[in-house]
Amino acid sequence: METQERALFRAIAPSAQYRTHFCGELRKSNVSETVKLAGWVHRKRDHGGLIFIDLRDHTGIAQIVFEPHLSDIFRQVEHLRVESVICVEGAVIARAEDAINPNLPTGEVEVVVKSLSVESAAEPMPFPIADDVPTSEELRLKYRFLDLRREKLHRNILYRSKIISEIRRYLWELGFNEIQTPILTSSSPEGARDYLVPSRLHPGKFYALPQAPQQFKQLLMVAGFDKYFQIAPCFRDEDARADRSPGEFYQLDMEMSFITQDDLFKVLEGLFEHITTTLSQKRIMQLPFPRIKYLDAMNRYGSDKPDLRNPLVIDDVTAIFKNSSFKVFASNAEAGRCVKALKLKGRANEPRLFFDKAEEFAKKELGLPGLAYIRYKENGEVQSPIYKFLSDAEKEALINALRIETGDVVFFAAGAWEKTCKAMGAMRNYFAPLFELDKDLLAFCWIVDFPMFEYNEEEKKIDFSHNPFSMPQGGLEALLTKNPLEILAYQYDIVCNGIELSSGAIRNHKPEIMYKAFEIAGYSKEEVDKKFGHMIRAFQHGAPPHGGIAPGIDRIVMLYADESNIREVIAFPMNQKAQDLMTGAPSEVTPKQLRELHIKLDLPEKHK
RNA sequence: GGAGCCGUAGCUCAGUUGGUUAGAGCGCCUGCCUGUCACGCAGGAGGUCGCGGGUUCGAGACCCGUCGGCUCCGCCA
């Protein structure tokens, strides 16, 4: 059977000037053939009278042998450093039984070299390529082209390529069209900070790099393309995180016409099932993905991106303490406040340090005043800093509500609803290592029914909580009759193992609903016309109902490649301060360039 | 903007309560070696202990500042 490498080879290297075979494809069946190989010197073993080189190319490693009777070649090889690029020609021979290397797919054969061409002699490496030794991030980024040669990163980048390829194949077969949208566009008033590009032809005006192709993809639906997708670069001037590349990242941007939320969910579930089965050994926990209302997610998991592999669930015990003599709990039983409990089965007898560390985490990392707990110890004793403040009725109600058994421990937090939920969610994550979560289990879920609006405490006004173009549930009537903060949107997130892969929404395609929604968020009709006139005009000329989503490509690859840092799945990432340590970006430009752009610098003191 | 951790040879690291000439493994250079596959053996070169200041008889170590890398908070419609 012809290998994939072989087929590829025929396609790209018919001339055989440099090579007739890839290193990784040589097998016993090639014995006695004369072959040409080309690649990098992975390792060299010089025995004085005999030199072995592990020759590496994109497909794998082959051992080649240099014998001393070809003295010119031999002398050259003696001084050859690792990572030099060479082309060789020689005969494939079977290795002696005791010389077979079972760790290499090509380990049953080797190539006895009869001619050599050194294409590129390498200087000593700043860090080893063949050995996976830890290396400082700074060096790795500076010499990214070398780091990319190393096995893990090389594999990750190829894996990313395969995932993107399967996404394209899958969506193409479902009738999606791949369409490019502008990179130089206009600044959007909402959202993250923009990257700006000065205009030469229009002094004082700027393009913005798109934070996402949001408006363009909706306009493509208005244009009747029915189903669109794009592997879209997105630019946001925000600070980095381990799972957030600074500056730029890629989304699988999608939009479909004449669909409901359910239709979209089916497409995405099918897509992730396809990726999982074709490109991984992982298993999807539940299909179709469970759907969790935003409110339930916050109440039960303390997060809008819960890791469902974690068995812990948060309980609401506000009602129990409504009239409690324990003031800390009772005072948090009014509207908008709550008392939450997190039960850990069978952990009451953990050592003192376990509880001290949990409390320290709650105080230091979460800013909680403390972390109350009740330990129902195995010996029947109850140990707790707050137990003495509770009435017998409250103790009884707790045991019933939380189904507490001997050996359990319950942690408590009380306060404003959102803050308390999130704090308990953080504790839930803190305790997750107790459960050895299965990394091969993909716990996808949909978070649905997000609120349309939220109250901005700082500016004392109502804001859109997510995308201003989302369709409110209940349509115009809801906007006219309901308390804005209680209106839900057809707005959803897709989450897997605690990672938010994407937000999405069924869009608002009706101008009158758009004007009203923006009015609630404090925008006049004139402002909407000014900022979003093109969207309004589009929706006034025949707009289909439509909706979409845009999962982050980098995070998807991270998830499937089991990487915890996004730089491990990006070929040329920037560092935490949004600099490219390899090319030196961002860099200064010439005065002439600035003049042409009508720009004068006004630098802060320490950069002058 | 804020907090934490880290910074010693090309790389990865050790360096005791502050005490003589700062070490190891890998890499590099030289020599030896015909069956290795992390080849082996011998020898050698290689250091502004990130940088600046301070404390001290004496600082790689202690203090202050600063620079660089990472992680987190803020930020991310």
Side-chain angles (χ1 to χ4, degrees), chain A residues 42-56 61-69 74 78-79 81-83 93 95-104 106-107 110 112 122-143 146-147 188-194 211-212 214-215 234-247 249 361 364-367 426 450 452-454 456 458 463-470 489 491 500 503 505 517-518 521 523 531-532 550 552 564-567 574-577 579 581 604 606:
Chain A
H42 190 64
R43 286 187 217 278
K44 191 174 91 172
R45 293 176 292 278
D46 184 347
H47 289 242
L50 194 64
I51 299 173
F52 297 100
I53 279 179
D54 290 338
L55 191 66
R56 182 193 74 235
I61 286 171
Q63 175 164 281
I64 60 180
V65 189
F66 295 84
E67 292 176 337
H69 59 86
F74 202 80
E78 277 181 324
H79 293 95
R81 277 186 289 260
V82 291
E83 295 305 314
I93 63 166
R95 297 204 206 176
E97 196 67 34
D98 60 351
I100 287 173
N101 183 348
N103 301 320
L104 281 182
T106 62
E110 63 193 8
V112 182
E123 299 287 318
M125 294 291 119
F127 51 80
I129 307 300
D131 300 301
D132 184 26
V133 296
T135 309
S136 79
E137 205 64 34
E138 196 177 355
L139 259 193
R140 293 181 59 199
L141 290 171
K142 183 174 174 188
Y143 293 95
L146 297 182
D147 200 18
S188 56
E190 304 258 336
R193 203 175 289 119
D194 281 318
Q211 296 186 24
Q214 180 64 38
Q215 295 182 28
C234 303
F235 305 89
R236 297 178 192 175
D237 187 359
E238 296 298 334
D239 289 342
R241 289 289 183 276
D243 65 349
R244 198 168 78 198
S245 185
F249 61 97
F361 175 80
K364 227 175 144 184
E365 299 293 327
L366 308 179
F450 276 89
M452 181 84 187
F453 301 101
E454 65 189 8
N456 182 330
E458 243 174 66
D463 277 347
F464 289 107
S465 65
H466 283 79
N467 188 322
F469 301 121
S470 297
Q491 168 85 39
E500 183 194 319
S503 284
F518 272 96
Y523 293 83
K531 285 168 178 160
F532 302 111
S564 55
N565 192 292
I566 204 159
R567 289 185 298 274
M574 293 198 285
N575 71 359
Q576 196 188 27
K577 289 186 183 164
Q579 296 165 304
L581 297 180
K606 67 176 177 178

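Remember, it's a predicted structure, so these values are computed and weren't measured experimentally. For the numbers below, each heavy atom of this structure counts, side chains included, while hydrogens, waters and symmetry mates do not.
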Euclidean distance, atom [atom1] of residue [X] to atom [atom2] of [N] [Å, nearest integer]:
X        : N     : atom1 : atom2 : result
A/Glu123 : B/C28 : CD    : C1'   : 11 Å
A/Leu146 : B/G10 : CG    : C1'   : 13 Å
A/Glu454 : B/C76 : CD    : P     : 10 Å
A/His42  : B/A38 : NE2   : P     : 10 Å
A/Phe74  : B/C33 : CZ    : C1'   : 10 Å
A/Glu138 : B/G68 : CD    : P     : 10 Å
A/Phe52  : B/U36 : CZ    : C1'   : 5 Å
A/Asp46  : B/C37 : CG    : P     : 14 Å

Quick check against the 3.5 Å criterion: does [X] have a side-chain atom that pairs as donor or acceptor with the backbone of [Y]?
X        : Y        : value
A/Asp463 : A/Ser465 : no
A/Arg95  : A/Ile100 : no
A/Glu238 : A/Arg193 : yes
A/Lys44  : A/Glu78  : yes
A/Arg567 : A/Asn575 : no

(request) Kindly assign one of parallel, tilted or perpendicular to the pair A/Phe532 and A/Phe469, based on the angle between their ring planes and the thresholds 30° and 60°. (result)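 Rings of A/Phe532 and A/Phe469: perpendicular, as their planes differ by over 60°.
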
I'd like the [atom1] distance from [M] over to [N], given in whole Å.
N     : M     : atom1 : value
B/C49 : B/U34 : P     : 44 Å
B/C72 : B/U12 : C1'   : 26 Å
B/G46 : B/U8  : C1'   : 14 Å
B/G27 : B/C62 : C1'   : 35 Å
B/U17 : B/C64 : C1'   : 23 Å
B/C73 : B/U66 : P     : 24 Å
B/A24 : B/C5  : C1'   : 25 Å
B/C6  : B/G25 : P     : 27 Å

Quick one: does [X] reach the base of [N] with a side-chain donor-acceptor pair under 3.5 Å?
X        : N     : answer
A/Arg244 : B/C76 : yes
A/Gln63  : B/U36 : yes
A/Glu110 : B/G35 : yes
A/Asp98  : B/G35 : no

Identity of whatever pairs with [N] - Watson-Crick or G-U, under 3.5 angstrom:
N     : answer
B/U20 : none
B/G25 : B/C11
B/C62 : B/G54
B/G4  : B/C70

Please classify the nucleic acid contact of [X] as base, sugar-phosphate, or nothing, using heavy-atom distances under 4.0 Å.
X        : value
A/Glu137 : sugar-phosphate
A/Arg95  : base
A/Gln579 : sugar-phosphate
A/Phe464 : sugar-phosphate
A/Asn575 : sugar-phosphate
A/Gln214 : base
A/Ala99  : base
A/Leu139 : sugar-phosphate

Nearest-neighbour nucleotide for the [X] side chain, [options] considered:
X        : options             : value
A/Pro124 : B/G68, B/G74, B/C28 : B/C28
A/Ser136 : B/U12, B/C76, B/G68 : B/U12
A/Asp239 : B/C37, B/C11, B/G74 : B/G74

Distance check: side-chain N/O of [X] vs OP1/OP2 of [N], anything under 4.0 Å?
X        : N     : value
A/Arg567 : B/U71 : yes
A/Arg45  : B/U36 : no
A/Asn101 : B/G35 : no
A/Arg81  : B/C29 : yes

(request) Could you pick out which residue, A/Met574 or A/Ala192, lies toward the 5' side of RNA chain B when each is mapped onto its nearest nucleotide? (result) A/Met574

(message) Please identify which of these residues, A/Arg45, A/Arg43, A/His42, meets the side-chain hydrogen bond (donor to acceptor under 3.5 Å, both in side chains) condition with A/Gln63.
(response)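 In the set A/Arg45, A/Arg43, A/His42, the residue that makes a side-chain hydrogen bond (donor to acceptor under 3.5 Å, both in side chains) with A/Gln63 is A/Arg45.
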
(message) I'd like to know whether CG of A/Asp132 has more than 12 heavy-atom contacts from other residues, nucleotides or ligands below 6.0 angstrom.
(response) no

(message) Would A/His47 count as stacking on B/C39 if stacking means ring centres less than 5.5 angstrom apart and planes tilted under 30 degrees?
(response)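 By the stated criterion, A/His47 and B/C39 stack.
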
(request) Compare the aromatic ring of A/Phe127 with the six-membered base ring of B/C11 and state whether they stack according to the 5.5 Å and 30° rule. (result) no

(message) What I want to find out is whether A/Arg244 reaches A/Asp239 closely enough, with some N-O distance under 4.0 Å, to be called a salt bridge.
(response)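 Looking at A/Asp239 together with A/Arg244, the answer is no, because their closest N to O distance does not fall below 4.0 Å.
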
